[in-house]
Amino acid sequence: MVPMYEGEGEIARSAHFAEYQNLELASEAALLARTFADEQFIEHYAVPREGRDGWAGFWEANLSLRGILDEILGTFAMLEESETECRQTRKLAGSIEAILLGSFALESRTFPLPGDRSKFIIALSPLVCDLMADLAWAVPRALSERGPIFDPEKLKLIDDYIIRYLLAFIHHDRSVIRHIIDEVPRSPSTIRNAHSFRRASSRHLLLHEIGHLRLEHFDVLREMVMQGFFRPTSAIFPSRIVGREVAADCMAFQMNVNAHVHDILGRDAGDSFTQRVGQAVKCASLVSGYFFVVMEIFHHLAIVLGDSARAQRYAQACRRKKIVRRQVRYCRLSILPEFYGVRFWQLSDRTHWGLQKLFVDHVCRDLIPRAILYRPV
């Protein structure tokens with residue numbers, strides 16, 4: 001696929017929305033990326049065999065993220081039905097930029113531009129993006145052929161990768177991480193499928209933050225119930241803050257499906273449109289679910305490490321998991337069929353929720369104690 005960006009100097013330039021991009025904001029985003037960068041974290045973006053140092057690799061990753069932001073803006077533009085919506089997309093293109101946090105932080109953040117609170121820089125956690133993608137790709141493939149249980153040998157292969165993420169977080173050493181997606185069997189279709197999960201993970205986190213920005217001026221719960229996105233009987237949340245987070249999660253899921261469909265329209269000519277949409281729904285559903293798996297794993301790790309502040313922050317994210325699952329199911333049963341003309345829900349989807357819990361229990365019981373006891377040489 002041709003990259004959807006151009007790199008020039010220290011600014012990540014938009015390829016498709018250059019007319020509306022705010023270059024001052026893009027410059028501030030590049031400065032913020034450097035300011036937050038941890039030298040030890042950055043050095044492991046280096047690819048010596050290509051003559052690329054850590055900063056070059058890190059900046060290339062940021063340029064790729066700008067391409068994913070363009071992809072999201074293109075999806076919003078594709079769905080526009082009125083001049084008002086066109087203006088909103090153009091305004092959005094000139095008011096947001098995205099960067100990767102060059103650190104071990106797990107929380108994505110949105111920063112207003114100093115002196116102008118109508119412009120924003122979204123900063124994503126590479127650790128969460130990568131682990132979401134690896135788990136969403138690999139865990140479903142570890143199932144046994146005998147039923148909804150894990151194959152011990154396949155699970156052990158995943159364990160070797162996951163424990164490296166835990167060690168990286170504990171010891172602040174990114175060099176130990178190896179990505180499952182980077183080591184999949186080397187066939188073009190498999191590689192393309194695996195890397196679509198990486199893009200989908202980045203899109204999901206970006207769309208969640210964009211969701212907050214797009215929805216901030218509305219009574220989110222009332223508006224979304226009236227539009228039919230939430231069932232009124234399930235639009236009851238522990239707090240207004242949780243309600244806003246759930247609304248952003250659900251918007252991220254639905255727009256991630258649309259963006260994935262938009263992304264693959266020009267590819268995979270051998271697949272029918274229904275198959276492509278089915279792939280998009282499956283991919284978006286998995287990365288949405290594995291965001292909470294990642295949060296649950298690190299919540300337990302923070303408890304074991306005695307870091308109560310982090311444990312509390314991660315627990316807040318975990319609390320909305322069941323509500324988001326219900327709404328994603330409702331979206332797949334009632335909303336996406338109206339838009340795409342196909343029903344996208346299977347009983348196996350609910351079964352996989354149970355497998356996600358089994359996987360979290362396995363990591364907490366078997367891998368975290370191993371990671372805690374490990375001492376680097």
Side-chain angles (χ1 to χ4, degrees), residues 36 38 40-42 44 100-109 123-140 142 150 152 154-181 197-198 201-202 204-205 208 242 245 249 286-322 324-325 352-377:
F36 276 115
D38 178 322
Q40 184 183 14
F41 187 90
I42 295 300
H44 298 295
L100 292 172
L101 287 168
S103 72
F104 291 91
L106 298 184
E107 297 97 333
S108 297
R109 308 173 186 179
L124 301 189
S125 163
L127 208 61
V128 173
C129 278
D130 290 343
L131 186 52
M132 280 171 64
D134 276 346
L135 292 180
W137 160 256
V139 174
F150 289 116
K154 294 178 181 177
L155 192 61
K156 186 178 183 301
L157 291 175
I158 298 176
D159 289 350
D160 293 340
Y161 291 92
I162 303 310
I163 200 165
R164 290 171 177 270
Y165 279 99
L166 302 177
L167 292 172
F169 183 77
I170 294 169
H171 300 291
H172 280 207
D173 182 5
R174 189 174 180 272
S175 66
V176 300
I177 293 177
R178 286 166 52 205
H179 302 301
I180 302 172
I181 283 177
F197 280 84
R198 180 167 288 166
S201 295
S202 298
H204 181 85
L205 296 180
H208 177 93
V242 173
E245 292 295 329
D249 280 331
L286 286 171
V287 297
S288 173
Y290 278 96
F291 167 78
F292 295 108
V293 169
V294 170
M295 289 295 104
E296 287 173 331
I297 289 171
F298 282 107
H299 169 241
H300 187 80
L301 180 59
I303 291 174
V304 173
L305 293 174
D307 191 337
S308 58
R310 276 182 168 173
Q312 186 173 0
R313 293 202 303 273
Y314 304 156
Q316 289 175 351
C318 297
R319 288 189 191 107
R320 63 183 195 266
K321 176 183 70 175
K322 290 184 179 179
V324 171
R325 278 180 173 177
H352 195 69
W353 289 349
L355 292 171
Q356 288 177 1
K357 182 181 186 306
L358 287 178
F359 183 76
V360 171
D361 291 344
H362 161 66
V363 172
C364 294
R365 181 185 63 248
D366 302 323
L367 300 188
I368 288 179
R370 282 172 55 192
I372 294 293
L373 293 174
Y374 175 82
R375 292 292 177 268
V377 178

(message) Arg320 vs Phe292, test: side chain to side chain contact (heavy atoms under 4.5 Å, CB included). Steps then yes/no.
(response) CA-CA 9 Å; Arg320 63 183 195 266; Phe292 295 108; 3.7 Å; yes
Residues forming a salt bridge (charged side-chain N to carboxylate O under 4.0 Å, His left out) with [X], sequence neighbours excluded:
X: Arg310; answer: Asp307
X: Arg313; answer: Glu107
X: Arg164; answer: none

Heavy-atom closest pair, residues [X] and [Y]:
X: Ser125; Y: Ser108; result: N-OG, 3.7 Å
X: Ala311; Y: His299; result: O-CD2, 3.0 Å
X: Phe36; Y: Arg109; result: CE2-NH1, 4.3 Å
X: Asp38; Y: Ser103; result: CB-CA, 4.4 Å
X: Tyr290; Y: Pro140; result: OH-CD, 4.2 Å

(message) Rounded to the nearest 0.5 Å, what separates atom CG in Leu155 from atom CG in Asp160?
(response)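 Between atom CG of Leu155 and atom CG of Asp160 there are 10.0 Å.
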(message) Distance check, rounded to the nearest 0.5 Å: Ile162 atom CD1 versus Ile177 atom CD1?
(response)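 Here the interatomic distance stands at 10.0 Å.
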(request) I would like to know whether Phe169 and Leu106 meet side chain to side chain contact (heavy atoms under 4.5 Å, CB included); could you show each step before the answer? (result) CA-CA 9 Å; Phe169 183 77; Leu106 298 184; 3.9 Å; yes
Who passes side-chain hydrogen bond (donor to acceptor under 3.5 Å, both in side chains) against [X], sequence neighbours left out?
X: Asp173; answer: Ser175
X: His172; answer: none
X: His208; answer: His212, Glu245, Asp249

(request) Could you tell me which residues satisfy side-chain contact (heavy atoms from CB on, under 4.5 Å) with Lys154, sequence neighbours excluded, listed by chain and number? (result)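 Lys154: side-chain contact (heavy atoms from CB on, under 4.5 Å) contacts with Ala142, Asp151.
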(message) According to side-chain contact (heavy atoms from CB on, under 4.5 Å), who are the partners of Ala123, at least two apart in sequence or on a separate chain?
(response)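 side-chain contact (heavy atoms from CB on, under 4.5 Å) check on Ala123 returns Ile99, Leu101, Phe111.
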(request) Mark yes or no for whether Ser201, through its side chain, and Val287, through its backbone, hold a donor-acceptor pair below 3.5 Å. (result)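 Between the backbone of Val287 and the side chain of Ser201 there is no qualifying donor-acceptor contact (under 3.5 Å).
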(message) Please enumerate all residues that pass ring pair (Phe, Tyr, Trp, His ring centres under 6.0 Å) together with Phe291, with sequence neighbours excluded.
(response)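 With neighbours one apart ignored, the set is empty.
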(request) Could you go through the side chain to side chain contact (heavy atoms under 4.5 Å, CB included) check for Leu286 and Trp137 one step at a time? (result) CA-CA 8 Å; Leu286 286 171; Trp137 160 256; over 6 Å; no
Please output the side-chain donor-acceptor pairs of residues 354-371 that fall under 3.5 Å, not counting sequence neighbours, one pair per line with the distance.
unit_1, atom_1, unit_2, atom_2, d
Gln356, OE1, Arg325, NH2, 3.1
Lys357, NZ, Asp361, OD2, 3.0
His362, ND1, Asp366, OD2, 2.8
His362, NE2, Asp159, OD1, 2.8
His362, NE2, Asp159, OD2, 3.0

(message) Within the structure provided, determine whether Ile372 and Leu166 are in side-chain contact (heavy-atom separation under 4.5 Å).
(response)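 When only atoms from C-beta onward are counted, Leu166 and Ile372 do not touch, as no gap falls below 4.5 Å.
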Taking only distance into account, with no hydrogens and no angle test, what donor-acceptor pairs under 3.5 Å do side-chain atoms of residues 126-135 form with protein atoms, sequence neighbours excluded?
unit_1, atom_1, unit_2, atom_2, d
Asp134, OD1, Ile180, N, 3.3
Asp134, OD1, Ile181, N, 3.1
Asp134, OD2, Tyr165, OH, 2.7
Asp134, OD2, Ile180, N, 3.3

(request) Kindly determine whether Phe104 and Phe41 satisfy ring-ring contact (aromatic ring centres under 6.0 Å, His included), including the steps that lead there. (result) CA-CA 8 Å; Phe104 291 91; Phe41 187 90; 5.0 Å; yes
(request) Any salt bridge (Lys or Arg N to Asp or Glu O under 4.0 Å) involving residues 287-299? Give me the pairs, sequence neighbours left out, ordered by first then second residue. (result)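 Non-adjacent pairs meeting salt bridge (Lys or Arg N to Asp or Glu O under 4.0 Å): Glu296-Lys321.
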